[in-house]
Amino acid sequence: MKKTFTNQEIAELLREIAAAYIVKNEDRFKIMAYENAAASIEHATSDVKDLWDDRKLDQLAGVGPNIASYLDELFKTGKVTHFDEVKKDLPKAMFVLLAIPGIGPKTAYQLAGELKLRQGKEIVDLENMGKKGKIREIEGFGEKTEKDILEGIVRFRKGQTKEKRMLLPVADSLAHEVLDYLEQCPAVIRGDALGSLRRMVSTIGDIDIAVETTDPKKVIDWFTRYPKVRKVLDQGQQSLVRVILDNGKQIDLRLQTPESYGAMLQYFTGSKSHNISLREFALKNEMSLSEHGIKILSQKSKFKGQNYNSKLKIYQFEKEESFYDFLGLDWIPPELREDQGEITAAVQHRLPKLIEPKDIKGDLHLHSDFPIETSHDEGGSSIEEIVRKCEGLGYEYVGLSEHNPSISQHRENEIITIIKKKKALIDQINYSSEKRTNNLPIKILNGLEIDIQPSGKLALPEGAFKYLDYAIVSIHSSFNLSRARMTDRVLKALSHSKIKIFGHPTGRMLNRREGYELDWEVIFDFCLKNNKWLEINCWPERLDLPDNLVLQAIKKGVKIIINTDSHQVDQLKMMKYGVAVARRGWAEKNDIINTLNLNRFMDELDK
DNA sequence: GCCGTTTTCGGCCCGACTGTTTTCAGTCG
């Protein structure tokens with residue numbers, strides 16, 4: 001039986017080779033190539049194994065002919081002879097120690113060489129040696145380094161047990177708490193989220209925050225006295241302070257003067273690959289970029305602007321827009337900064353005009369407390385509460401889509417009766433709200449979220465469909481079918497004329513499970529041809545479709561619908577996170593079906 | 001080892017912080 005490798009495992013393997021080359025003082029660009037390939041594979045959204053099966057390894061950025069041939073050997077034989085050669089004369093323990101924060105390749109190599117670490121117990125042994133003061137005896141190591149290593153081991157263990165990446169809304173609210181505290185400091189002019197949070201990535205590791213100030217010392221002092229700070233990790237004089245909060249989350253604060261605040265926002269928003277590409281682009285025009293500004297590298301360069309700081313010999317930028325403008329680029333929204341062609345698009349002034357939360361006109365995936373008698377979870381808010389809330393959000397329509405009544409507990413007729421009853425209630429509310437409001441009242445649609453059974457059969461008797469305005473189908477069981485069977489299952493379900501939406505299409509649960517396997521090309525083609533819509537589900541653990549698949553879908557012309565899947569009215573506010581996913585997928589208003597006004601939306605529903 | 005709307009050869013992002021090494025290397029983002 002051949003061993004299979006996850007993307008994470010392959011990335012780790014490539015990083016080990018990079019680490020080995022670092023110890024061996026190999027060409028640093030070769031090392032970078034391995035690290036790039038590892039990062040690319042780690043962030044890839046298809047399984048590398050699947051890409052290999054389909055002979056599409058060349059689609060991975062950073063994977064060229066050499067690494068591709070090593071992966072080929074890996075999938076065929078379970079090992080790579082060349083990699084074994086590279087690692088042969090290095091202590092095995094060193095690769096284990098790399099997982100400890102603060103220990104890089106050279107330190108790991110030295111520790112593994114100097115200390116006797118038993119296989120399988122490397123980290124425990126290292127910890128014991130450290131406690132006995134043995135690490136400080138190694139040349140080049142001191143008391144402080146020994147202490148740092150011991151603390152690194154503690155952090156490593158915590159990471160092993162519980163620390164997962166935060167879900168976007170969790171990180172968002174945590175960042176706002178910190179920003180609220182910072183804004184009470186008189187020395188703080190303004191603060192902004194940076195990094196993956198500003199780019200609205202679905203999961204966030206550490207939170208980075210930018211602070212604009214003319215008195216960094218005062219801000220650093222203020223922040224280290226934040227009541228929720230457990231430990232200060234790093235503390236600079238001017239530009240950085242890094243802490244761990246009581247909840248174990250890390251916050252990095254970056255400080256900058258008003259003159260260069262725009263340059264810093266750009267620099268620390270990332271992504272890393274966007275910044276690398278941007279700096280390469282700048283270098284071609286003889287400019288060098290940093291968080292302080294832009295340096296002109298040649299005499300003959302022609303440039304513009306009056307923000308030159310002759311002491312520092314750089315151009316400074318208060319606003320990010322002027323930083324990009326200086327490079328000849330349109331301002332790039334943070335969500336697009338993933339090195340997927342946004343720089344070229346910005347040069348050519350053809351960046352997409354991204355969808356915004358205010359464009360949304362309705363929410364079609366909501367669970368009310370109507371007694372639908374489902375075997376899944378019911379909603380907690382009444383239809384009236386939901387309607388009021390949606391009116392407040394400026395929506396023109398709302399679709400109630402509880403789970404289907406359980407098919408094992410009811411006879412067909414009973415199910416039909418329940419659906420009919422819900423329709424009657426909705427008709428009545430629609431009627432009375434027409435009388436209540438002078439303006440156009442919000443329109444309530446009778447929807448349903450229907451399970452797709454493993455065979456592809458829908459969990460609702462045919463006789464019930466005529467009482468529905470539309471339905472969503474989704475998968476809640478049997479996640480492990482093969483890609484081919486799963487694809488058939490979905491297509492079969494989507495074929496029914498009342499089915500308009502494929503809900504949370506990948507089935508992934510962030511931090512918990514990967515999605516099931518589907519042939520997306522086939523799904524996209526089917527949706528395009530039959531006017532079916534793929535959902536971006538705003539549930540924090542889902543955010544599904546993921547952004548990369550949104551990008552592929554809209555490139556094909558497939559329409560997307562953004563729904564909150566709310567079970568309580570206060571969850572309707574999650575819409576902005578789904579919109580963020582769409583924006584990261586380059587979606588414009590026209591790509592999103594629930595930006596249409598009521599009349600046009602109803603036309604689409606009837607198609 | 002990868003990569004290409006100025007290149008299939010000749011390039012390849014940038015700086016802060018830390019510890020201990022008296023001038024810098026390692027790690028990180």
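In what follows, every chain begins at residue 1, and chains take the letters A, B, ... in the order their sequences are listed.
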Hey, does [X] reach any base, or is it just sugar-phosphate, or nothing, if we go heavy atoms under 4.0 Å?
X	value
A:Asp27	base
A:Leu289	sugar-phosphate
A:Gln348	nothing
A:Ala61	sugar-phosphate
A:Tyr70	sugar-phosphate
A:Tyr267	base
A:Asn275	nothing

Has [X] got a side-chain N or O lying under 4.0 Å from the OP1 or OP2 atom of [N]?
X	N	value
A:Ser288	B:dC14	yes
A:Lys106	B:dG26	yes
A:His292	B:dA16	yes

Could I get the full list of side-chain hydrogen bond (donor to acceptor under 3.5 Å, both in side chains) partners for A:Asp58, not counting sequence neighbours? none

Determine, for A:Lys88 against A:Asp84, whether the closest basic-nitrogen to carboxylate-oxygen distance falls under 4.0 angstrom.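 The answer is no: the pair does not qualify as a salt bridge.
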
A:Lys147 bridged to A:Glu143 by N-O distance under 4.0 Å: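 Here A:Lys147 does not pair with A:Glu143 in a salt bridge, since their nearest N and O are not under 4.0 Å apart.
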
Nearest to the A:Asp234 side chain among B:dC2, B:dT18, B:dG15, which nucleotide is it?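 For the A:Asp234 side chain, the nearest candidate turns out to be B:dT18.
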
Output the single nucleotide from B:dC12, B:dG15, B:dG1 whose closest atom is nearest the side chain of A:Lys295.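 That would be B:dG15.
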
Select from A:Glu143 and A:Ser290 the residue whose nearest nucleotide in DNA chain B is closer to the 5' end of that strand.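 Nearer the 5' end of the strand: A:Ser290.
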
Between [N] and [M], how far is it from one [atom1] atom to the other, in whole Å?
N	M	atom1	result
B:dT20	B:dG26	C1'	12 Å
B:dG10	B:dA16	P	33 Å
B:dG1	B:dT8	C1'	15 Å

Could you tell me which nucleotide pairs with B:dT8 by Watson-Crick or G-U wobble geometry, both distances under 3.5 Å, or answer none if nothing does? none

Tell me, please, which residues at least two apart from A:Arg350 pass salt bridge (Lys or Arg N to Asp or Glu O under 4.0 Å). none

In this structure, OG1 of A:Thr145 is separated from CZ of A:Arg136 (nearest 0.5 Å) by 10.5 Å

Looking only at side-chain N and O atoms, does A:Asn25 offer a donor or acceptor that is under 3.5 Å from a partner on A:Lys106? yes

Distance only, no hydrogens: is a donor on one side chain within 3.5 Å (strictly under) of an acceptor on the other, for A:Thr6 and A:Gln8?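 The criterion, which ignores hydrogens and geometry beyond distance, is not satisfied for A:Gln8 and A:Thr6.
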
Between the protein and nucleotides 4-11 of chain B, which nitrogen or oxygen pairs are less than 3.5 angstrom apart?
none

